[in-house]
> 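Dumping the structure here so I can ask a few things about it.
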Protein chains: 2
Amino acid sequence: MRRSQDQRKAETRQRLLQAAGELIAERGVAGASVDALADAADRTSGAIYAHFGDKEGLLVALLDEWKDATGDAVRAEYEATDDEGARFAALWRNFVSPPPNASDAWVLLEHELWLYACRNERARSRVAARYDDARRALAQTLHASDGTSAEEVAALFIALMIGLEMQRRLDPDAITDETALAGLRALAHLRQPAENV
Amino acid sequence: MRRSQDQRKAETRQRLLQAAGELIAERGVAGASVDALADAADRTSGAIYAHFGDKEGLLVALLDEWKDATGDAVRAEYEATDDEGARFAALWRNFVSPPPNASDAWVLLEHELWLYACRNERARSRVAARYDDARRALAQTLHASDGTSAEEVAALFIALMIGLEMQRRLDPDAITDETALAGLRALAHLRQPAENV
DNA sequence: TGATTTCCGTAACGATCCCTATATAAAGCT
DNA sequence: AGCTTTATATAGGGATCGTTACGGAAATCA
């Protein structure tokens, strides 16, 4: 089969990015060598350097691609119901046990890249933008039922789910679904601080 | 000055552990080489291998030492006031900008070791125990004002603070103190799910 | 005080790692 | 069909890493 250069290049880039996501989630940024990353994509290190310049360039590109593909899948399942409890449950379930087709360990990759961004100028702004997008997307999905700022609630939601998943990953019994849902409900209905004024 | 072997050994161990905490927070587990770790403690790699066997042994020892020294400092400042708002504010402030004497980047170290534990059998149980201790200590401090499980609220508190600090570290303007405190208040007073039954 | 043990410094090895320079094969062009 | 360009493979260098083997000085013991 004949394929154009552009097709070949695009496919290689795609393979490299996907393999990077999976392997880094599994082994960490430092634990995934350039050769291993290329190998996982059925290419060689030469392809990585031709596409991204260096290892950091691959990571930055990985962040850029992820930036866009965040909120869509979440929103679909979220809006399948009208009941608030079921909605929050869907949100939480999606977070702690993502659909098996998606890379199982994307939360690990998230932490890995966050940590990388904390120490790397170039990556920091990208990860920050990614979180900003996530907040906005979730805020739009929640569409501000109360007078409180939707983006504020979104930030709290994301924070709570990340923190709970961290604890649960180490000890699955430490965090029950009921606890998580109760927390989300409480945050969703936060009132102005001065209820008693 | 004459010093006994035990004193010398104990001091070396102490120096190695403290230097490890600081350097790993700064560079990450993989980024802090054994020689660099020893250097930061004014020792050489030989000392590390004599004390801990290998690099992983040093990390495990670091986790064990940390396990104990968690909740005490928090509790003191927390109980300085009776007002709930001021208490939560102290908790949050302590988390996002720890006292300058303590290693500034201990939250980074926390993430670093959590990520390490996710991929390492031997470390996982220790970090899990550490989180369990943190939950219990905070639960005891909150001393269950409502009928809800104090440990449940503690888990939610920790989760929220971790997640908010992650977002704030990338973008200090993303999370205001008011948002954080509103979230803590909401979680503190979570009622049973069925308020309407 | 001489012998022994303990603690840690020193030196070096093999394995990896990131990256560069160059080769190769396919596609595009005329 | 030749010539050029592009995309990736190949080979290898220089640096760094974790680890081990051994040496030497101080403390302990007799």
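Keep in mind that what you see is a predicted model, and the values were worked out from it rather than measured. Side chains are part of it too, since the values below use all heavy atoms of this structure and drop only hydrogens, waters and symmetry mates.
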> Counting any heavy atom closer than 4.0 Å, what does B:Ser33 reach on the DNA or RNA strands: base, sugar-phosphate only, or nothing?
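The answer is sugar-phosphate, as B:Ser33 gets under 4.0 Å only of primed atoms, P, OP1 or OP2.
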
> At under 4.0 Å, does any side-chain N or O of B:Thr12 touch on OP1 or OP2 of C:dC7?
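No, B:Thr12 has no side-chain N/O under 4.0 Å of OP1/OP2 on C:dC7.
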
> Can you name the residues that form a salt bridge (Lys or Arg N to Asp or Glu O under 4.0 Å) with A:Arg13, not counting sequence neighbours?
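Per chain and number, A:Arg13 pairs via salt bridge (Lys or Arg N to Asp or Glu O under 4.0 Å) with no residue.
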
> Among residues 45-56 of chain A, which residues get a heavy atom nearer than 4.0 Å to DNA chain D?
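Heavy-atom contacts with DNA chain D come from A:Gly46, A:Ala47, A:Ala50, A:His51.
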
> Identify, with sequence neighbours excluded, every residue that meets ring pair (Phe, Tyr, Trp, His ring centres under 6.0 Å) alongside A:Tyr131.
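A:Tyr131 satisfies ring pair (Phe, Tyr, Trp, His ring centres under 6.0 Å) with no other residue.
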
> Please list residues of residues 111-124 of chain A whose heavy atoms come under 4.0 Å from any atom in DNA chain C, ordered by number; otherwise none.
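Close to the strand, none.
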
> Going by the rule side chain to side chain contact (heavy atoms under 4.5 Å, CB included), which residues pair with A:Asp82 if we only count those two or more places apart in sequence or in a different chain?
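A:Asp82: side chain to side chain contact (heavy atoms under 4.5 Å, CB included) contacts with A:Arg87.
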
> Of B:Ala30 and A:Ala10, whose closest DNA chain D nucleotide lies nearer the 5' terminus?
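With A:Ala10 and B:Ala30 compared, the 5'-side residue is A:Ala10.
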
> Measure CG/A:Leu16 against P/D:dA7 and give the value in whole Å, please.
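Checked: the CG to P distance equals 13 Å.
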
> Can you measure A:Leu58 atom CG to C:dC17 atom C1' for me and round it to whole angstrom units?
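Rounded to the whole Å, the gap is 15 Å.
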
> Separation of A:Ile24 atom CD1 from C:dC17 atom P, in whole Å?
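That distance rounds to 14 Å.
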
> Show which side-chain atoms of residues 35-48 of chain B pair as donor or acceptor with protein atoms under 3.5 Å away, not counting sequence neighbours.
| unit_1 | atom_1 | unit_2 | atom_2 | d |
| --- | --- | --- | --- | --- |
| B:Asp42 | OD2 | B:Arg15 | NH2 | 3.4 |
| B:Arg43 | NE | B:Thr12 | OG1 | 3.0 |
| B:Arg43 | NH2 | B:Thr12 | OG1 | 3.4 |

> Tell me whether B:Trp106 is reachable from B:Leu91 by hopping between hydrophobic residues (I, L, V, M, F, W, Y) whose side-chain heavy atoms are closer than 4.5 Å.
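Result: yes, single cluster for both.
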
> Please give, in whole Å, the distance from D:dA26 P to B:Glu11 CD?
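For the pair B:Glu11 CD and D:dA26 P, the rounded distance is 16 Å.
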
> Between the side chains of B:Gln18 and B:Glu22, is a donor N or O closer than 3.5 angstrom to an acceptor N or O?
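A pair is found: one side chain offers a donor N or O, the other an acceptor, under 3.5 Å apart.
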
> Test of understanding: with salt bridge (Lys or Arg N to Asp or Glu O under 4.0 Å), list the residues that count as partners of A:Glu26, not counting sequence neighbours.
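Testing A:Glu26 for salt bridge (Lys or Arg N to Asp or Glu O under 4.0 Å), a comparison that skips the adjacent residues, returns none.
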
> Report the distance from atom CD of A:Gln14 to atom P of D:dA7, rounded to the nearest whole Å.
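In whole Å, D:dA7 P lies 17 Å from A:Gln14 CD.
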
> Between the protein and nucleotides 1-6 of chain C, list every N/O to N/O distance that falls short of 3.5 Å.
| unit_1 | atom_1 | unit_2 | atom_2 | d |
| --- | --- | --- | --- | --- |
| C:dT6 | O2 | B:Gln5 | NE2 | 3.2 |

> Whole angstroms only, please: what is the CD-P distance between A:Gln7 and D:dT8?
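That distance rounds to 12 Å.
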
> Round to a whole Å and report the spacing from CZ of B:Arg15 to C1' of C:dG9.
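Whole-Å distance recorded here is 15 Å.
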
> Under the rule for side chain to side chain contact (heavy atoms under 4.5 Å, CB included), what residues qualify as partners of B:Ala86, not counting sequence neighbours?
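In terms of side chain to side chain contact (heavy atoms under 4.5 Å, CB included), with neighbours along the sequence ignored, B:Ala86 is linked to B:Thr81, B:Asp83.
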
> Output all residues satisfying salt bridge (Lys or Arg N to Asp or Glu O under 4.0 Å) with A:Asp6, sequence neighbours left out; order by chain, then residue number.
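Partners of A:Asp6 by the salt bridge (Lys or Arg N to Asp or Glu O under 4.0 Å) criterion come out as none, since no residue qualifies.
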
> With a 4.0 Å cut-off, would you call A:Glu121 and A:Arg124 a salt bridge?
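A salt bridge links A:Glu121 with A:Arg124.
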
> When the side chains of residues 108-118 of chain A are checked against the rest of the protein, which donor-acceptor pairs come out under 3.5 Å, sequence neighbours left out?
| unit_1 | atom_1 | unit_2 | atom_2 | d |
| --- | --- | --- | --- | --- |
| A:Glu110 | OE1 | A:Arg130 | NH2 | 2.7 |
| A:Glu110 | OE2 | A:Arg130 | NE | 2.9 |
| A:Glu110 | OE2 | A:Arg130 | NH2 | 3.3 |
| A:Glu112 | OE1 | B:Arg119 | NH1 | 3.2 |
| A:Glu112 | OE1 | B:Arg119 | NH2 | 2.9 |
| A:Glu112 | OE2 | A:Val29 | N | 3.2 |
| A:Trp114 | NE1 | B:Met166 | O | 3.1 |
| A:Tyr116 | OH | A:Asn120 | ND2 | 3.3 |

> Nearest-Å distance, CZ (A:Arg13) to C1' (D:dT6)?
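Between C1' of D:dT6 and CZ of A:Arg13: 17 Å.
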
> Mind checking what makes salt bridge (Lys or Arg N to Asp or Glu O under 4.0 Å) contact with B:Asp54, not counting sequence neighbours?
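By the salt bridge (Lys or Arg N to Asp or Glu O under 4.0 Å) rule, B:Asp54 matches no residue at all.
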
> For DNA chain C, whose closest nucleotide is more 5', that of B:Asp35 or that of A:Asp6?
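Comparing both residues, the 5'-ward one is B:Asp35.
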
